[in-house]
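These notes are about the structure you will find just below.
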Amino acid sequence: MWSIVATWPFSIECVEEGAKRLSCGGYALDAAEAGVQLVETNPAVDSVGRGGYLNENGELALDGAVMDGSTLRTGAAACVRYYEHPVSIARAVMEKTRHNILVGPAAEAFAEKVGFEKADPDYLITPEVRAKYEAEKAKKETSGHDTIGCAALDASGNICTACSTSGANLRMAGRVGDTPIIGSGFYALSGVGAACATGLGEDIMRTCLSFRAVELMRAGKSAGEAAREVIASAHSALKACGLNVHSMAVVCLDASGGTGGAANHKGFAYACAREGEAAKVVFVEPAVDDFVE
Ligand code: ASP
């Protein structure tokens, strides 16, 4: 059995690409990475890769991460400018270094050293994104953020994740969200499951959302049950501390190929496909009834 799931309807192209590879016996990480790359390249997705949100200095500084749940190896790159595919730089961090995360100029220097080609800034930052930034930059407030988080199970039983985001709109330069942080933005454990998060990274990190979702699957919950339960409990834990809870969502994949997703807000949907089932988008009802927009 192979299976794949990813955050938001825009990930349908990722899921279709991943499904193509998984159905031919491909490795879960290759499938997830190739799918995420398509979304990184698509300028119509305003929160990932090319065409993504800029930071307060008008820079496109991207975050990406991967994890192989069969080896617990992980790699991440954060605040990377000039490159189109942070997810692949993250994979190179995993495969070519003895570390888990590289950030900023050092991550860019690493990317250059291992042979990634720099992209033209005018290709990465589209005129529409530049114009929107110029119109909004005086606001100095974060509005708009999303992530592609993709989890895949291959026919050999490997469960892997790949994630990519431009981070929150108008974030401080140097701000790192949950997406490249193991256990927060993603977690994978073959034989158990995987989870990937999207939403305001600061809240997701406070609750270690993805690791907790995988622990729920380890305790016997299905992907759908784990997704709903982790969102409800993270939301109420933040509320109980008096925090103003922002949007959070998660997709989960369990070892039997089941997929699910949940959010604390309205309008969340995810894309999924599995052996014998074509790619589709699934809309979910909020897992809590007290989210304030
Ligand atoms: N989690 C991402 C971040 O905070 C953004 C998102 O997924 O909405 O950087």
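Indexing begins at 1, ligand by ligand and atom by atom, following the structure's order.
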Path from Ile181 to Val103 over hydrophobic side-chain contacts below 4.5 Å: yes

Atoms of ligand 1 close to Thr198 [distance to a heavy atom under 4.0 angstrom, numbered from 1]: 6 (C), 7 (O), 8 (O)

For Asp178, atoms of ligand 1 separated by under 4.0 Å from a heavy atom: 1 (N), 2 (C), 3 (C), 4 (O)

Identity and separation of the nearest protein heavy atom to atom 9 (O) of ligand 1: Arg175 NH1, 2.7 Å

Top protein contact for atom 8 (O) of ligand 1, by heavy-atom distance: His145 ND1, 2.5 Å

Which atom pairs, one a donor and one an acceptor, fall under 3.5 Å between side chains of residues 113-126 and the rest of the protein, sequence neighbours left out?
unit_1	atom_1	unit_2	atom_2	d
Asp120	OD1	Asp122	N	2.9
Tyr123	OH	Glu84	OE2	2.6
Thr126	OG1	Val129	N	3.3

Are any of the side-chain nitrogens in [X] or [Y] under 4.0 Å away from the carboxylate oxygens of its partner?
X      : Y      : value
Glu215 : Arg212 : no
Glu134 : Lys137 : yes
Glu95  : Arg91  : yes

Side chain, backbone, both or neither: the part of Met248 lying under 4.0 Å from ligand 1 by heavy atom: neither

Structural part of Thr179 in contact with ligand 1, heavy atom criterion under 4.0 angstrom: side chain

Evaluation steps, side chain to side chain donor-acceptor pair (under 3.5 Å), between Glu40 and His85: CA-CA 6 Å; Glu40 288 178 329; His85 295 302; 2.7 Å; yes

Nitrogen or oxygen atoms of Asp146 and ligand 1 under 3.5 Å apart: yes

From the candidates Gly199, Ser247, Gly167, the one that places a heavy atom nearest atom 5 (C) of ligand 1: Gly199

Closest to atom 2 (C) of ligand 1 among Thr147, Val48, Asn169, Leu200 (heavy-atom distance): Thr147

Phe291: hydrophobic cluster co-members (side-chain, 4.5 Å): Val288

Contact check, Glu202 vs ligand 1, heavy-atom distance below 4.0 Å: no

